[in-house]
Amino acid sequence: MPYESEKLKSRVFYYLCMVLAGCILANIVLRCDRDLQVFILPFTDSSRLAEVSVQQTLFYVLLQRTKQVAVVYLLYKVFPPKAVFSIGMSALLFLFGFVISCQMFYLGLSGVWFLLLCLFPHYLIYLGMLYYLAAEARKVGEDKNKKRMAAMILILTFFVGILSESILSKIFLKNFLQYIGM
């Protein structure tokens, strides 16, 4: 048990280092007078998102996330799932650190809160789904009932994430933008 705890601590430390590395690289590039505004999420996107109907948002999110999950699933089938998950998480956290630094540089602290608000709660659901998929992909020799149950859990989690992204995200943006200086 202590060994598992140490593994978890070292993994969390590694992931935090990836965020920090993204922040450092963004700050280095920004110091060289490079325009990185392409990496920010401007506040005007929130009003545009609020105007789009739920059906349009739901269809768009369903299409985008289905493509992404298909690619991840294929990667899990071709490469070791644990490696795909670790490399994917590392890349996402590095990019998150990069983007959060750009948000802070161009839009200040309210820009950081806006970015976090745009990612909550659906990205937590998607990360949980990807972790569960990696854990289940390692269990190759199980019986069919367990595989069906795992597939049903993944599909349910996928649709909960999509509904969360297309509905809850809009509600959070509408209700909380006033509190972050918008």
Side-chain angles (χ1 to χ4, degrees), residues 8-31 34-54 56-69 71-72 84-134 154 156-182:
L8 179 65
K9 286 178 187 177
S10 69
R11 186 176 300 138
V12 169
F13 178 73
Y14 171 74
Y15 288 150
L16 288 175
C17 286
M18 291 306 293
V19 173
L20 183 62
C23 291
I24 290 169
L25 181 64
N27 283 301
I28 290 170
V29 173
L30 287 167
R31 284 283 204 193
R34 300 288 185 230
D35 185 20
L36 295 178
Q37 289 190 21
V38 71
F39 289 104
I40 66 168
L41 186 62
F43 299 128
T44 56
D45 287 349
S46 64
S47 61
R48 197 172 11 170
L49 179 64
E51 294 170 0
V52 176
S53 71
V54 173
Q56 289 175 320
T57 307
L58 187 64
F59 179 72
Y60 176 77
V61 169
L62 178 66
L63 184 66
Q64 295 301 314
R65 299 303 172 245
T66 302
K67 289 188 285 187
Q68 292 169 351
V69 166
V71 168
V72 169
V84 172
F85 179 78
S86 295
I87 291 169
M89 277 295 290
S90 299
L92 286 174
L93 290 171
F94 180 84
L95 184 61
F96 177 74
F98 195 90
V99 169
I100 205 97
S101 286
C102 292
Q103 284 286 117
M104 177 66 96
F105 183 79
Y106 288 111
L107 302 173
L109 190 57
S110 59
V112 172
W113 284 114
F114 177 65
L115 176 68
L116 294 176
L117 189 60
C118 288
L119 297 177
F120 183 78
H122 52 280
Y123 269 83
L124 295 175
I125 295 169
Y126 292 143
L127 287 176
M129 183 181 78
L130 290 175
Y131 181 77
Y132 183 75
L133 182 61
L154 285 170
L156 179 67
T157 307
F158 179 68
F159 284 112
V160 167
I162 288 172
L163 290 173
S164 172
E165 185 173 358
S166 55
I167 297 170
L168 288 180
S169 182
K170 290 177 100 167
I171 292 170
F172 281 142
L173 283 174
K174 284 181 184 177
N175 292 327
F176 293 112
L177 281 179
Q178 63 188 343
Y179 298 113
I180 60 173
M182 313 307 311

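Side chains included, hydrogens not; waters and symmetry mates left out as well; all remaining heavy atoms used.
- Atom CE of Met104 is separated from atom CG of Leu30 by 12.5 Å, given to the nearest 0.5 angstrom.
- We find the CG-SG distance between Leu115 and Cys102 to be 10.5 Å, quoted to the nearest 0.5 Å.
- The shortest side-chain heavy-atom distance between Leu16 and Leu93 does not fall under the 4.5 Å cut-off.
- Within the model, atoms CE of Met89 and CD1 of Ile87 stand 13.0 Å from one another, a figure rounded to the nearest 0.5 Å.
- Atom CD of Gln103 and atom CG of Leu116 lie 9.0 Å apart (nearest 0.5 Å).
- Residues Val69 and Met129 meet the side-chain proximity criterion, which asks for heavy atoms closer than 4.5 Å.
- In this model, no donor atom of one side chain and acceptor atom of the other lie less than 3.5 Å apart for Tyr60 and Ser166.
- Using a 4.5 Å heavy-atom threshold, the side chains of Phe105 and Asn27 count as separate.
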**Item:** Criterion side chain to side chain contact (heavy atoms under 4.5 Å, CB included) on Glu165 and Arg65, from CA distance to verdict
**Value:** CA-CA 10 Å; Glu165 185 173 358; Arg65 299 303 172 245; 2.6 Å; yes
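- Separating the CZ atom in Phe159 from the OG atom in Ser164 is a distance of 14.5 Å, to the nearest 0.5 Å.
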**Item:** From CA spacing to verdict: side chain to side chain contact (heavy atoms under 4.5 Å, CB included), Leu168, His122
**Value:** CA-CA 8 Å; Leu168 288 180; His122 52 280; over 6 Å; no
**Request:** List the steps, then state whether side chain to side chain contact (heavy atoms under 4.5 Å, CB included) holds for Ile162 with Phe158.
**Result:** CA-CA 6 Å; Ile162 288 172; Phe158 179 68; 3.3 Å; yes
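- Here the closest non-hydrogen pair linking Phe85 and Leu127 is CE1-O, 4.3 Å.
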**From CA spacing to verdict: side-chain hydrogen bond (donor to acceptor under 3.5 Å, both in side chains), Tyr14, Ser86** = CA-CA 10 Å; Tyr14 171 74; Ser86 295; over 6 Å; no
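- Scanning all heavy atoms of the two residues, the minimum distance from Thr66 to Leu62 falls at OG1-O, 2.5 Å.
- When all heavy atoms of Cys23 and Gly97 are compared, the closest pair comes out as SG-O, 3.3 Å.
- Phe98 pairs with exactly one of Val19, Leu25, Ile24 by the side-chain contact (heavy atoms from CB on, under 4.5 Å) rule, that one being Leu25.
- A donor-acceptor pair is defined here as one N or O able to donate and one able to accept, closer than 3.5 Å; such a pair exists between the side chain of Tyr126 and the backbone of Gly161.
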